Amino acid sequence: MDKLYTFGKYLKKKFKTKVKKVPISIPGFTCPNIDGTVARGGCVFCENESFSPNFQKEKTYLNLQSKTNPLLEKQLKSLEFQFFNTIPILKKVYGTKKFIVYFQSFTNTYAPFETLKTLYEKALSFPDVIGISIGTRTDSIAPQTLEYLAELSKKYEVWVEYGIQSSNNETLKRINRGHTFENVVEVTKKTKELGLNVCGHLIFGLPGENQKEMLKSVEETINLNIDSIKFHPLYVTDNTLLANDYKKGLFNPISEEEYIDTLIKSIKMLPQNISIQRMTAGSENLLAPAWCKNKSTQISNITKALKKAGIKIN
């Protein structure tokens, strides 16, 4: 890739106007390796408060086997509240005209089908919304949901975002992921066969991985025929299993230098049709590494590295 192809450019070209994602956190949604279905404790880095400003804790949680949903009215009100409190900011700061509702925190297909259908259709009914993007896991999406999303995609912009993290099964076991890369391959293939857009998430700096293994994950993710990609550095926040290892000296976070070098090499591997949705991440609720604290400084350093590598930004 000799010119940075961002998700923003993709959206601007397709819709001829400024489009932004509105991050949403649905109370009552959880994950199969938190609730004990496939594992317990969640991924070692998991603390969803750090990923979503709209995160809300809930005592009752849903899964694919739930027969009823006592939280639905609360979920619908929360969805509406978050959306209408976020869009004025996006309009003022970015001049956004159209929106994609991004179901972000936890696993947003891990609930009864009728609940998902109701929430997705509610989101699509909001003014100036042209689509939805759904963050989930490849082991937590039912065929019925995929087929329904495929139908929606005939009228709306629909994205499924899969947390891949790594293609190395030993790494996935080490981080308590609860599924294999073979599962990622199988479900992503089915998703693409239905004509849906797929964004894959990868994390650099996972325990035990070197740069060669990180780049192997990039290569194998590209081979999944994805449409977009997100890159994240692994950082440590409190109240995670990773924090315990870090405090004991059992885990050393990736350095900024190695992360940026891996990122640049990854971007150069991408074919021109794969857009980039994220190049880094951070949190104020941070234990380490310190360089993940300031997002603007990260972006500045990445931009300088891109220019030095001959990758055009505009």
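Not measured: the values here are computed from a predicted model. Along the sequence shown, residues carry numbers from 1.
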Has Thr96 got a side-chain atom pairing as donor or acceptor with Leu90's backbone, closer than 3.5 angstrom? yes
If you count the non-hydrogen atoms of other residues, nucleotides and ligands that lie under 6.0 Å from NZ in Lys9, is the total more than 12? yes
Considering residues, nucleotides and ligands other than Tyr94, do more than 12 of their heavy atoms fall under 6.0 Å from its OH? no
Are Asn301 and Glu256 close enough that a side-chain donor and a side-chain acceptor fall under 3.5 Å? yes
Give a yes or no on whether the backbone of Leu206 and the side-chain of Arg174 come within a donor-acceptor separation of less than 3.5 Å. no
Check the orientation of Phe84 and Phe126. Use parallel for under 30°, tilted for 30 to 60°, and perpendicular for over 60°. perpendicular
Non-neighbouring partners of Glu220 that pass side-chain contact (heavy atoms from CB on, under 4.5 Å), sequence neighbours left out: Ser167, Phe181, Lys216
Could you go through the side-chain contact (heavy atoms from CB on, under 4.5 Å) check for Thr240 and Val44 one step at a time? CA-CA 6 Å; Thr240 62; Val44 295; over 6 Å; no
Looking at Val158, is its backbone amide N or carbonyl O close enough to the side chain of Asn197 to form a donor-acceptor pair, meaning the two atoms are under 3.5 Å apart? yes
Closest approach of Asn33 and Gly178, non-hydrogen atoms and distance? ND2-N, 4.5 Å
Would you check if the side chain of Asn108 reaches a backbone N or O of Phe103 as a donor-acceptor pair within less than 3.5 Å? yes
Salt bridge (charged side-chain N to carboxylate O under 4.0 Å, His left out) for Arg278 and Glu161? Distances and angles first, verdict last. CA-CA 12 Å; Arg278 183 183 287 273; Glu161 301 194 27; over 6 Å; no
Within the supplied structure, the quantity of interest is the number of heavy atoms (other residues, nucleotides, ligands) at a distance under 6.0 Å from Lys192 NZ; does it exceed 12? yes
Could you tell me whether a side-chain N or O of Thr191 sits under 3.5 Å from a main-chain N or O of Val187, the two making a donor and an acceptor? yes
Answer yes when Lys20 and Asp128 have at least one side-chain N-carboxylate O distance shorter than 4.0 Å, and no when they do not. no
Do Thr37 and Asp35 pair up side chain to side chain, a donor and an acceptor below 3.5 Å, judged on atom types alone? yes
State whether the number of non-hydrogen atoms from other residues, nucleotides or ligands found under 6.0 Å of Lys173 atom NZ is greater than 12. no
Does the pair Thr145 and Phe113 meet the rule for a side-chain contact (heavy atoms from CB on, under 4.5 Å), with working shown? CA-CA 7 Å; Thr145 301; Phe113 174 72; 3.8 Å; yes
For the backbone of Asn210 and the side chain of Glu213, can you confirm whether one donor and one acceptor N or O come within less than 3.5 Å of each other? yes
Under the 6.0 Å and 45° cation-pi test, does Lys21 pair with Tyr102? yes
Look at the side chain of Ser78 and the backbone N and O of Gln75, then say whether any donor-acceptor pair between them is shorter than 3.5 Å. no
Is it true that Lys190 and Glu186 make a salt bridge, defined as a side-chain N closer than 4.0 Å to a carboxylate O? yes
Show, in sequence, the C-alpha distance, side-chain angles and deciding distance for Phe83 and Val129, and conclude whether the side-chain contact (heavy atoms from CB on, under 4.5 Å) test is met. CA-CA 10 Å; Phe83 178 80; Val129 167; 3.5 Å; yes
Pairs touching residues 304-314 that satisfy salt bridge (charged side-chain N to carboxylate O under 4.0 Å, His left out), sequence neighbours left out: none
Flag for Thr109-Ser140: side-chain donor and acceptor within less than 3.5 Å: no
Check: Tyr148/Glu121 side-chain N/O donor and acceptor closer than 3.5 Å: yes
Under 3.5 Å, is there a donor-acceptor pair between the Asn285 and Thr237 side chains? no
